[in-house]
Number of protein chains: 2
Amino acid sequence: MVTAQAAREKARTGARRGGREENERLILEAAEAVFAELGFKGATTGAIAERAGLPKANVHYYFPSKDDLYRAVMARVLDRWLAAASSLDDSDDPKDALTRYIAAKMELSRAMPLGSRIFASEIMRGAPAITDHLETTLADWVARRGAIVRRWIAEGKLAPVDPKVLFYMIWATTQHYADFARQIEVLNGGRPLSDEQFAEATRQVARTILRGVLA
Amino acid sequence: MVTAQAAREKARTGARRGGREENERLILEAAEAVFAELGFKGATTGAIAERAGLPKANVHYYFPSKDDLYRAVMARVLDRWLAAASSLDDSDDPKDALTRYIAAKMELSRAMPLGSRIFASEIMRGAPAITDHLETTLADWVARRGAIVRRWIAEGKLAPVDPKVLFYMIWATTQHYADFARQIEVLNGGRPLSDEQFAEATRQVARTILRGVLA
DNA sequence: GCCATTGTTGACCAAACGGTCAGGGCCATA
DNA sequence: TATGGCCCTGACCGTTTGGTCAACAATGGC
(Lines give C-alpha, C1' and ligand atoms only; values in the text may rest on other atoms or scores of the structure.)
Protein backbone atom coordinates (compact mmCIF):
# COMPACT_ATOMS: atom_id res chain seq x y z
CA MET A 1 0.00 0.00 0.00
CA VAL A 2 2.44 2.54 1.22
CA THR A 3 5.08 1.45 -1.25
CA ALA A 4 2.66 1.46 -4.14
CA GLN A 5 1.49 4.90 -3.19
CA ALA A 6 5.04 6.11 -2.78
CA ALA A 7 5.97 4.72 -6.16
CA ARG A 8 3.04 6.45 -7.77
CA GLU A 9 4.01 9.63 -5.99
CA LYS A 10 7.56 9.33 -7.22
CA ALA A 11 6.48 8.64 -10.78
CA ARG A 12 4.43 11.80 -10.72
CA THR A 13 7.36 13.98 -9.80
CA GLY A 14 8.99 13.44 -13.16
CA ALA A 15 9.19 15.96 -15.97
CA ARG A 16 5.55 15.37 -16.87
CA ARG A 17 3.21 18.27 -17.27
CA GLY A 18 0.55 18.86 -14.68
CA GLY A 19 0.04 16.49 -11.82
CA ARG A 20 -1.26 17.23 -8.37
CA GLU A 21 1.95 18.58 -6.93
CA GLU A 22 2.78 21.05 -9.65
CA ASN A 23 -0.77 22.24 -10.16
CA GLU A 24 -1.34 22.84 -6.48
CA ARG A 25 1.84 24.85 -6.37
CA LEU A 26 0.84 26.86 -9.43
CA ILE A 27 -2.57 27.58 -7.97
CA LEU A 28 -1.23 28.52 -4.53
CA GLU A 29 1.32 30.90 -6.04
CA ALA A 30 -1.28 32.51 -8.27
CA ALA A 31 -3.72 32.74 -5.40
CA GLU A 32 -1.12 34.40 -3.19
CA ALA A 33 -0.56 37.12 -5.75
CA VAL A 34 -4.23 37.70 -6.46
CA PHE A 35 -5.32 37.65 -2.82
CA ALA A 36 -2.50 40.05 -1.94
CA GLU A 37 -3.49 42.52 -4.61
CA LEU A 38 -7.29 42.38 -4.45
CA GLY A 39 -8.08 41.12 -0.96
CA PHE A 40 -10.23 38.11 -0.16
CA LYS A 41 -13.42 39.31 -1.74
CA GLY A 42 -11.75 41.12 -4.61
CA ALA A 43 -9.85 38.04 -5.68
CA THR A 44 -11.85 35.85 -8.06
CA THR A 45 -11.28 32.19 -8.70
CA GLY A 46 -11.36 33.06 -12.38
CA ALA A 47 -8.47 35.49 -12.03
CA ILE A 48 -6.50 32.99 -9.96
CA ALA A 49 -7.10 30.29 -12.56
CA GLU A 50 -6.04 32.56 -15.39
CA ARG A 51 -2.85 33.55 -13.57
CA ALA A 52 -2.10 29.89 -12.89
CA GLY A 53 -2.70 29.05 -16.56
CA LEU A 54 -5.48 26.59 -15.75
CA PRO A 55 -9.22 26.45 -16.32
CA LYS A 56 -11.32 27.66 -13.44
CA ALA A 57 -12.93 24.25 -12.99
CA ASN A 58 -9.50 22.75 -12.46
CA VAL A 59 -8.81 25.14 -9.60
CA HIS A 60 -12.01 23.98 -7.97
CA TYR A 61 -10.93 20.39 -8.45
CA TYR A 62 -7.91 20.90 -6.18
CA PHE A 63 -9.47 23.44 -3.83
CA PRO A 64 -13.23 22.86 -3.55
CA SER A 65 -14.08 26.36 -2.38
CA LYS A 66 -12.47 29.79 -2.50
CA ASP A 67 -12.33 29.70 1.27
CA ASP A 68 -10.38 26.44 1.23
CA LEU A 69 -7.89 27.94 -1.17
CA TYR A 70 -7.58 31.07 0.95
CA ARG A 71 -6.90 29.05 4.07
CA ALA A 72 -4.29 26.98 2.27
CA VAL A 73 -2.55 30.17 1.18
CA MET A 74 -2.67 31.55 4.74
CA ALA A 75 -1.25 28.32 6.13
CA ARG A 76 1.70 28.56 3.76
CA VAL A 77 2.33 32.16 4.77
CA LEU A 78 2.18 31.39 8.49
CA ASP A 79 4.54 28.46 8.07
CA ARG A 80 7.17 30.58 6.42
CA TRP A 81 6.83 33.26 9.08
CA LEU A 82 7.21 30.77 11.87
CA ALA A 83 10.62 29.81 10.55
CA ALA A 84 11.80 33.42 10.56
CA ALA A 85 10.32 34.04 13.99
CA SER A 86 12.73 31.57 15.54
CA SER A 87 15.65 33.82 14.65
CA LEU A 88 14.93 35.80 17.82
CA ASP A 89 16.78 33.30 19.92
CA ASP A 90 17.57 33.11 23.60
CA SER A 91 20.99 34.66 23.25
CA ASP A 92 22.97 36.27 26.04
CA ASP A 93 23.38 39.30 23.88
CA PRO A 94 20.17 41.16 23.02
CA LYS A 95 22.08 43.27 20.52
CA ASP A 96 22.93 40.29 18.35
CA ALA A 97 19.59 38.61 18.84
CA LEU A 98 17.53 41.67 17.95
CA THR A 99 19.76 42.54 15.01
CA ARG A 100 19.35 39.04 13.62
CA TYR A 101 15.61 39.10 14.15
CA ILE A 102 15.12 42.50 12.52
CA ALA A 103 17.29 41.45 9.60
CA ALA A 104 15.30 38.25 9.18
CA LYS A 105 11.99 40.12 9.21
CA MET A 106 13.28 42.69 6.72
CA GLU A 107 14.57 39.92 4.50
CA LEU A 108 11.13 38.32 4.60
CA SER A 109 9.49 41.59 3.62
CA ARG A 110 11.88 41.86 0.73
CA ALA A 111 11.60 38.30 -0.50
CA MET A 112 7.94 37.60 0.18
CA PRO A 113 5.93 40.82 0.37
CA LEU A 114 2.75 39.13 -0.82
CA GLY A 115 2.41 37.00 2.28
CA SER A 116 2.78 40.04 4.49
CA ARG A 117 0.01 41.84 2.62
CA ILE A 118 -2.34 38.89 2.84
CA PHE A 119 -1.68 38.71 6.55
CA ALA A 120 -2.36 42.42 6.97
CA SER A 121 -5.62 42.15 5.05
CA GLU A 122 -6.64 39.17 7.13
CA ILE A 123 -6.04 41.04 10.39
CA MET A 124 -7.90 44.09 9.14
CA ARG A 125 -10.88 41.92 8.28
CA GLY A 126 -10.93 40.81 11.91
CA ALA A 127 -8.77 37.72 11.41
CA PRO A 128 -11.68 35.29 10.86
CA ALA A 129 -9.43 32.59 9.43
CA ILE A 130 -6.51 32.82 11.86
CA THR A 131 -7.91 33.88 15.22
CA ASP A 132 -7.01 30.51 16.72
CA HIS A 133 -3.50 30.80 15.33
CA LEU A 134 -3.12 34.19 17.01
CA GLU A 135 -4.52 32.81 20.26
CA THR A 136 -2.23 29.79 20.35
CA THR A 137 0.97 29.88 18.28
CA LEU A 138 1.46 33.63 18.28
CA ALA A 139 0.41 34.17 21.90
CA ASP A 140 2.87 31.44 22.88
CA TRP A 141 5.63 33.08 20.91
CA VAL A 142 4.97 36.44 22.53
CA ALA A 143 4.88 34.95 26.01
CA ARG A 144 8.14 33.06 25.52
CA ARG A 145 10.08 35.82 23.80
CA GLY A 146 8.54 38.40 26.10
CA ALA A 147 10.06 36.54 29.03
CA ILE A 148 13.45 36.71 27.37
CA VAL A 149 13.13 40.44 26.85
CA ARG A 150 12.14 40.90 30.48
CA ARG A 151 15.16 38.89 31.55
CA TRP A 152 17.42 41.12 29.45
CA ILE A 153 15.86 44.12 31.16
CA ALA A 154 16.35 42.57 34.60
CA GLU A 155 19.99 41.92 33.71
CA GLY A 156 20.39 45.57 32.85
CA LYS A 157 21.06 44.89 29.20
CA LEU A 158 17.91 46.54 27.94
CA ALA A 159 16.09 49.71 28.91
CA PRO A 160 12.78 48.98 30.61
CA VAL A 161 10.19 48.56 27.89
CA ASP A 162 7.01 46.57 27.49
CA PRO A 163 8.08 43.62 25.31
CA LYS A 164 4.90 43.96 23.28
CA VAL A 165 5.64 47.58 22.47
CA LEU A 166 9.03 46.46 21.22
CA PHE A 167 7.63 43.57 19.20
CA TYR A 168 4.92 45.71 17.65
CA MET A 169 7.49 48.29 16.66
CA ILE A 170 9.65 45.66 15.00
CA TRP A 171 6.74 43.97 13.26
CA ALA A 172 5.18 47.22 12.12
CA THR A 173 8.38 48.74 10.82
CA THR A 174 9.69 45.69 9.01
CA GLN A 175 6.34 44.68 7.53
CA HIS A 176 5.80 48.27 6.43
CA TYR A 177 8.46 47.68 3.78
CA ALA A 178 6.27 44.93 2.35
CA ASP A 179 2.76 46.26 2.93
CA PHE A 180 3.47 49.85 1.93
CA ALA A 181 6.02 49.08 -0.78
CA ARG A 182 3.92 51.04 -3.23
CA GLN A 183 4.03 54.18 -1.09
CA ILE A 184 7.76 53.77 -0.52
CA GLU A 185 8.22 53.34 -4.26
CA VAL A 186 6.36 56.57 -5.06
CA LEU A 187 8.38 58.46 -2.43
CA ASN A 188 11.54 57.00 -3.95
CA GLY A 189 10.86 58.78 -7.22
CA GLY A 190 8.67 56.05 -8.65
CA ARG A 191 11.31 53.33 -8.47
CA PRO A 192 11.27 50.43 -6.01
CA LEU A 193 14.07 50.45 -3.46
CA SER A 194 17.26 49.00 -4.90
CA ASP A 195 19.00 46.17 -3.12
CA GLU A 196 21.46 48.66 -1.71
CA GLN A 197 18.76 51.01 -0.51
CA PHE A 198 16.95 48.14 1.13
CA ALA A 199 20.11 46.88 2.81
CA GLU A 200 20.80 50.39 4.08
CA ALA A 201 17.25 50.70 5.40
CA THR A 202 17.68 47.36 7.17
CA ARG A 203 20.86 48.60 8.84
CA GLN A 204 19.30 51.89 9.91
CA VAL A 205 16.14 50.28 11.22
CA ALA A 206 18.16 47.84 13.30
CA ARG A 207 20.49 50.56 14.55
CA THR A 208 17.66 52.92 15.49
CA ILE A 209 15.62 50.31 17.32
CA LEU A 210 18.69 49.03 19.13
CA ARG A 211 19.64 52.55 20.26
CA GLY A 212 16.06 52.85 21.40
CA VAL A 213 16.04 49.87 23.70
CA LEU A 214 19.64 48.98 24.60
CA ALA A 215 20.56 50.03 28.10
CA MET B 1 -29.57 83.83 -5.16
CA VAL B 2 -26.91 83.29 -2.59
CA THR B 3 -29.11 84.54 0.22
CA ALA B 4 -32.05 82.40 -0.83
CA GLN B 5 -29.81 79.37 -1.03
CA ALA B 6 -28.23 80.18 2.33
CA ALA B 7 -31.66 80.53 3.90
CA ARG B 8 -32.76 77.21 2.49
CA GLU B 9 -29.53 75.68 3.69
CA LYS B 10 -30.07 77.07 7.15
CA ALA B 11 -33.65 75.85 7.25
CA ARG B 12 -32.43 72.39 6.38
CA THR B 13 -30.03 72.22 9.32
CA GLY B 14 -32.90 72.13 11.76
CA ALA B 15 -34.18 69.07 13.56
CA ARG B 16 -35.73 67.72 10.38
CA ARG B 17 -35.00 64.20 9.36
CA GLY B 18 -32.93 63.50 6.29
CA GLY B 19 -31.66 66.22 4.05
CA ARG B 20 -28.52 66.29 1.95
CA GLU B 21 -26.11 67.19 4.69
CA GLU B 22 -27.15 64.57 7.19
CA ASN B 23 -27.61 61.80 4.66
CA GLU B 24 -24.24 62.38 3.05
CA ARG B 25 -22.65 62.23 6.47
CA LEU B 26 -24.52 59.04 7.35
CA ILE B 27 -23.48 57.43 4.09
CA LEU B 28 -19.84 58.49 4.38
CA GLU B 29 -19.61 57.16 7.93
CA ALA B 30 -21.23 53.89 6.99
CA ALA B 31 -19.02 53.59 3.92
CA GLU B 32 -15.91 54.23 6.01
CA ALA B 33 -16.77 51.35 8.30
CA VAL B 34 -17.70 48.93 5.53
CA PHE B 35 -14.74 49.78 3.28
CA ALA B 36 -12.40 49.43 6.27
CA GLU B 37 -13.72 46.00 7.17
CA LEU B 38 -14.28 44.44 3.75
CA GLY B 39 -11.97 46.36 1.41
CA PHE B 40 -13.03 48.10 -1.76
CA LYS B 41 -14.35 45.09 -3.60
CA GLY B 42 -15.73 43.38 -0.54
CA ALA B 43 -17.79 46.39 0.46
CA THR B 44 -21.20 46.41 -1.21
CA THR B 45 -23.39 49.43 -1.75
CA GLY B 46 -26.18 47.37 -0.23
CA ALA B 47 -24.24 46.83 2.99
CA ILE B 48 -23.31 50.50 3.16
CA ALA B 49 -26.93 51.51 2.64
CA GLU B 50 -28.13 49.12 5.32
CA ARG B 51 -25.58 50.43 7.80
CA ALA B 52 -26.59 53.98 7.00
CA GLY B 53 -30.24 53.07 7.46
CA LEU B 54 -31.15 54.12 3.93
CA PRO B 55 -32.35 52.34 0.80
CA LYS B 56 -29.61 51.42 -1.64
CA ALA B 57 -31.07 53.66 -4.34
CA ASN B 58 -30.76 56.61 -2.00
CA VAL B 59 -27.05 55.98 -1.61
CA HIS B 60 -26.74 56.07 -5.38
CA TYR B 61 -28.68 59.30 -5.44
CA TYR B 62 -25.96 61.08 -3.46
CA PHE B 63 -22.99 59.13 -4.79
CA PRO B 64 -23.65 58.00 -8.36
CA SER B 65 -21.11 55.17 -8.33
CA LYS B 66 -19.34 53.05 -5.74
CA ASP B 67 -16.09 54.52 -6.96
CA ASP B 68 -17.33 58.06 -6.34
CA LEU B 69 -18.29 57.11 -2.82
CA TYR B 70 -14.95 55.44 -2.22
CA ARG B 71 -13.07 58.51 -3.42
CA ALA B 72 -15.17 60.75 -1.20
CA VAL B 73 -14.33 58.56 1.79
CA MET B 74 -10.62 58.62 0.91
CA ALA B 75 -10.69 62.40 0.56
CA ARG B 76 -12.16 62.72 4.05
CA VAL B 77 -9.49 60.44 5.47
CA LEU B 78 -6.65 62.30 3.77
CA ASP B 79 -8.01 65.64 4.97
CA ARG B 80 -8.02 64.53 8.57
CA TRP B 81 -4.51 63.13 8.26
CA LEU B 82 -3.17 66.30 6.75
CA ALA B 83 -4.25 68.20 9.83
CA ALA B 84 -2.38 65.81 12.12
CA ALA B 85 0.66 65.82 9.87
CA SER B 86 1.24 69.49 10.55
CA SER B 87 1.99 68.71 14.18
CA LEU B 88 5.55 67.87 13.15
CA ASP B 89 6.52 71.51 13.17
CA ASP B 90 9.74 73.30 12.48
CA SER B 91 10.74 73.51 16.09
CA ASP B 92 14.23 74.11 17.42
CA ASP B 93 13.83 71.09 19.60
CA PRO B 94 13.42 67.77 17.76
CA LYS B 95 12.53 66.08 21.01
CA ASP B 96 9.39 68.14 21.49
CA ALA B 97 8.49 68.13 17.81
CA LEU B 98 8.81 64.36 17.40
CA THR B 99 7.02 63.67 20.67
CA ARG B 100 4.11 65.83 19.59
CA TYR B 101 4.01 64.24 16.17
CA ILE B 102 4.09 60.67 17.48
CA ALA B 103 1.41 61.51 20.03
CA ALA B 104 -0.78 63.04 17.32
CA LYS B 105 -0.40 60.00 15.09
CA MET B 106 -1.16 57.63 17.97
CA GLU B 107 -4.18 59.71 18.89
CA LEU B 108 -5.38 59.45 15.30
CA SER B 109 -4.96 55.68 15.35
CA ARG B 110 -6.97 55.56 18.54
CA ALA B 111 -9.77 57.89 17.51
CA MET B 112 -10.08 56.99 13.83
CA PRO B 113 -8.72 53.52 13.13
CA LEU B 114 -11.04 52.99 10.18
CA GLY B 115 -9.41 55.66 8.07
CA SER B 116 -6.00 54.13 8.70
CA ARG B 117 -7.24 50.73 7.54
CA ILE B 118 -8.80 52.12 4.39
CA PHE B 119 -5.54 53.88 3.61
CA ALA B 120 -3.57 50.69 4.17
CA SER B 121 -5.88 48.73 1.88
CA GLU B 122 -5.63 51.42 -0.75
CA ILE B 123 -1.83 51.31 -0.71
CA MET B 124 -1.80 47.51 -0.84
CA ARG B 125 -4.03 47.62 -3.90
CA GLY B 126 -1.39 49.75 -5.58
CA ALA B 127 -2.94 53.10 -4.59
CA PRO B 128 -5.00 53.53 -7.78
CA ALA B 129 -7.14 56.28 -6.25
CA ILE B 130 -4.45 58.30 -4.50
CA THR B 131 -1.26 57.96 -6.51
CA ASP B 132 -1.36 61.63 -7.40
CA HIS B 133 -1.88 62.53 -3.75
CA LEU B 134 1.21 60.53 -2.84
CA GLU B 135 3.18 62.14 -5.67
CA THR B 136 2.21 65.67 -4.76
CA THR B 137 0.98 66.38 -1.24
CA LEU B 138 2.80 63.56 0.52
CA ALA B 139 6.02 63.88 -1.48
CA ASP B 140 6.01 67.59 -0.62
CA TRP B 141 5.49 66.85 3.03
CA VAL B 142 8.36 64.37 3.07
CA ALA B 143 10.68 66.76 1.25
CA ARG B 144 9.90 69.63 3.60
CA ARG B 145 10.00 67.70 6.85
CA GLY B 146 12.95 65.69 5.61
CA ALA B 147 14.88 68.92 5.26
CA ILE B 148 14.06 69.79 8.85
CA VAL B 149 15.30 66.43 10.05
CA ARG B 150 18.51 66.86 8.08
CA ARG B 151 18.99 70.27 9.64
CA TRP B 152 18.56 68.78 13.09
CA ILE B 153 21.20 66.21 12.21
CA ALA B 154 23.55 68.89 10.89
CA GLU B 155 23.06 70.81 14.13
CA GLY B 156 24.09 67.73 16.07
CA LYS B 157 20.67 67.32 17.66
CA LEU B 158 19.86 64.06 15.95
CA ALA B 159 21.90 60.99 15.13
CA PRO B 160 22.49 60.63 11.41
CA VAL B 161 19.52 58.81 9.96
CA ASP B 162 17.72 58.83 6.64
CA PRO B 163 14.62 60.96 7.31
CA LYS B 164 12.50 58.50 5.36
CA VAL B 165 13.60 55.62 7.55
CA LEU B 166 12.52 57.66 10.55
CA PHE B 167 9.20 58.67 9.02
CA TYR B 168 8.42 55.12 7.95
CA MET B 169 9.17 53.86 11.43
CA ILE B 170 6.84 56.43 12.98
CA TRP B 171 4.07 55.85 10.45
CA ALA B 172 4.35 52.08 10.63
CA THR B 173 4.43 51.87 14.40
CA THR B 174 1.65 54.33 15.09
CA GLN B 175 -0.65 53.08 12.34
CA HIS B 176 0.00 49.53 13.50
CA TYR B 177 -2.16 50.31 16.53
CA ALA B 178 -5.04 51.04 14.16
CA ASP B 179 -4.49 48.53 11.37
CA PHE B 180 -3.56 45.59 13.60
CA ALA B 181 -5.86 46.45 16.48
CA ARG B 182 -7.44 43.03 16.18
CA GLN B 183 -4.09 41.27 16.65
CA ILE B 184 -3.20 43.54 19.55
CA GLU B 185 -6.57 42.80 21.10
CA VAL B 186 -6.07 39.03 20.89
CA LEU B 187 -2.56 39.34 22.38
CA ASN B 188 -4.06 41.47 25.15
CA GLY B 189 -6.19 38.58 26.31
CA GLY B 190 -9.06 39.28 23.96
CA ARG B 191 -9.74 42.78 25.25
CA PRO B 192 -8.96 45.97 23.35
CA LEU B 193 -6.28 48.15 24.90
CA SER B 194 -7.70 50.31 27.67
CA ASP B 195 -7.16 54.05 27.58
CA GLU B 196 -4.39 53.66 30.11
CA GLN B 197 -2.70 50.90 28.16
CA PHE B 198 -2.89 52.96 25.02
CA ALA B 199 -1.51 56.05 26.73
CA GLU B 200 1.35 53.97 28.13
CA ALA B 201 2.05 52.53 24.69
CA THR B 202 2.12 56.04 23.27
CA ARG B 203 4.66 57.10 25.89
CA GLN B 204 6.88 54.08 25.31
CA VAL B 205 6.76 54.37 21.54
CA ALA B 206 7.76 58.03 21.72
CA ARG B 207 10.49 57.34 24.26
CA THR B 208 11.94 54.42 22.30
CA ILE B 209 11.99 56.23 18.96
CA LEU B 210 13.47 59.35 20.56
CA ARG B 211 16.25 57.30 22.22
CA GLY B 212 16.78 55.79 18.82
CA VAL B 213 17.40 59.02 16.96
CA LEU B 214 18.35 61.73 19.46
CA ALA B 215 22.04 62.52 19.41
C1' DG C 1 -7.04 -4.90 -23.52
C1' DC C 2 -9.79 -3.91 -19.53
C1' DC C 3 -10.89 -1.42 -15.52
C1' DA C 4 -10.66 1.75 -11.56
C1' DT C 5 -8.79 5.82 -10.18
C1' DT C 6 -7.43 10.30 -10.92
C1' DG C 7 -7.27 14.42 -13.56
C1' DT C 8 -9.50 17.82 -16.97
C1' DT C 9 -12.78 21.01 -18.78
C1' DG C 10 -16.67 23.58 -21.39
C1' DA C 11 -21.08 24.58 -20.30
C1' DC C 12 -24.09 25.78 -17.09
C1' DC C 13 -26.64 27.81 -12.79
C1' DA C 14 -28.42 30.46 -8.83
C1' DA C 15 -27.12 34.27 -6.18
C1' DA C 16 -25.31 38.68 -5.54
C1' DC C 17 -23.71 42.73 -7.43
C1' DG C 18 -23.57 47.85 -9.19
C1' DG C 19 -26.42 50.65 -11.25
C1' DT C 20 -30.97 52.54 -13.51
C1' DC C 21 -35.44 54.46 -13.71
C1' DA C 22 -40.11 55.77 -13.45
C1' DG C 23 -43.18 57.32 -10.32
C1' DG C 24 -44.26 59.60 -6.26
C1' DG C 25 -43.60 62.70 -1.96
C1' DC C 26 -42.29 67.06 0.04
C1' DC C 27 -41.85 72.01 0.43
C1' DA C 28 -41.04 76.95 -0.62
C1' DT C 29 -42.68 80.40 -3.53
C1' DA C 30 -46.17 82.80 -6.06
C1' DT D 1 -53.64 75.55 -5.18
C1' DA D 2 -50.53 75.30 -8.86
C1' DT D 3 -45.63 74.98 -10.12
C1' DG D 4 -40.92 73.63 -10.06
C1' DG D 5 -36.98 71.72 -7.79
C1' DC D 6 -35.14 68.50 -4.76
C1' DC D 7 -35.46 64.22 -2.58
C1' DC D 8 -36.83 59.33 -2.10
C1' DT D 9 -37.34 54.38 -3.35
C1' DG D 10 -39.38 49.69 -5.01
C1' DA D 11 -38.72 47.24 -8.81
C1' DC D 12 -35.95 46.03 -12.22
C1' DC D 13 -31.68 44.75 -15.36
C1' DG D 14 -27.31 43.07 -17.25
C1' DT D 15 -23.08 41.28 -15.53
C1' DT D 16 -20.08 38.84 -12.64
C1' DT D 17 -19.36 35.52 -9.21
C1' DG D 18 -18.46 30.95 -6.73
C1' DG D 19 -19.53 26.64 -7.54
C1' DT D 20 -21.46 22.27 -10.08
C1' DC D 21 -21.64 18.65 -13.33
C1' DA D 22 -21.49 15.43 -16.99
C1' DA D 23 -18.58 13.95 -20.28
C1' DC D 24 -14.19 12.94 -21.40
C1' DA D 25 -8.85 11.97 -21.24
C1' DA D 26 -4.89 9.72 -19.12
C1' DT D 27 -2.57 6.57 -16.32
C1' DG D 28 -1.19 2.26 -14.05
C1' DG D 29 -2.15 -2.43 -12.17
C1' DC D 30 -3.89 -6.80 -13.64
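Every chain is numbered from 1 and lettered A, B, ... according to where its sequence line falls, protein lines coming before strand lines.
A donor-acceptor contact under 3.5 Å is not formed by the side chain of A:Lys66 with the base of D:dG19.
For the pair A:Tyr61 OH and D:dA23 P, the interatomic distance rounds to 18 Å; values are reported in whole Å. A:Glu50 places its CD atom 15 Å from the P atom of C:dT9, with the value rounded to the nearest Å. In this structure, B:Leu38 places its CG atom 13 Å from C1' of C:dC17, rounding to the nearest Å. Atom pair B:Lys56:NZ and D:dT9:C1' shows a separation of 12 Å (rounding to whole Å applied). Straight-line distance from the NE2 atom of B:His60 to the P atom of D:dC8: 16 Å, rounded to whole Å. The distance between atom CG of B:Asp67 and atom P of C:dG19, rounded to the nearest whole Å, is 8 Å. If you take CD1 of A:Ile27 and C1' of D:dG18, they are 15 Å apart, rounded to a whole angstrom. Rounded to whole Å, the distance from NZ on A:Lys41 to P on D:dT16 is 16 Å.
Judged by distance alone, the side chains of B:Asp179 and B:Ser116 do bring a donor and an acceptor atom under 3.5 Å apart. Side-chain polar atoms of A:Asp68 and A:Ser65 form a donor-acceptor pair below 3.5 angstrom. Residues B:Asp140 and B:Thr137 bring no donor and acceptor atom of their side chains to less than 3.5 Å of each other.
Among the nucleotides C:dC21, D:dC21, C:dC17, the one closest to the side chain of B:Thr44 is C:dC17.
If one axis is set at each end of the helix from C:dG1-D:dC30 to C:dA30-D:dT1 from five pairs, those axes are 0° apart, to 10°.
When the side-chain nitrogen and oxygen atoms of A:Asn58 are compared with OP1 and OP2 of C:dG10, none of them lie within a distance under 4.0 Å. Remark: B:Tyr62 is not in phosphate contact with D:dC7, judged by side-chain N or O atoms under 4.0 Å from OP1 or OP2. Residue A:Ser65 has no polar side-chain atom (N or O) positioned under 4.0 Å from OP1 or OP2 of D:dG18.
Residue contacts shown for A:Ala43 are limited to sugar-phosphate atoms, with no base heavy atom under 4.0 Å away.
Ring planes of B:Phe35 and B:Tyr70: perpendicular class, angle over 60° (limits at 30 and 60°).
Residues B:Asp89 and B:Ala97 come closest through the heavy atom pair OD1-CB, 3.7 Å.
Projected onto DNA chain C by closest heavy-atom contact, B:Phe40 and A:Pro55 fall at different nucleotides, the more 5' of which corresponds to A:Pro55.
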>> Please evaluate residues B:Asp90 and B:Arg144 with respect to the criterion salt bridge (Lys or Arg N to Asp or Glu O under 4.0 Å), reporting the C-alpha separation (whole Å), side-chain torsions for both, the decisive distance (0.1 Å), and the verdict.
In response: CA-CA 10 Å; B:Asp90 190 356; B:Arg144 243 178 263 277; over 6 Å; no
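Between A:Arg76 and A:Glu32 a salt bridge is recorded (basic side-chain N to carboxylate O distance below 4.0 Å).
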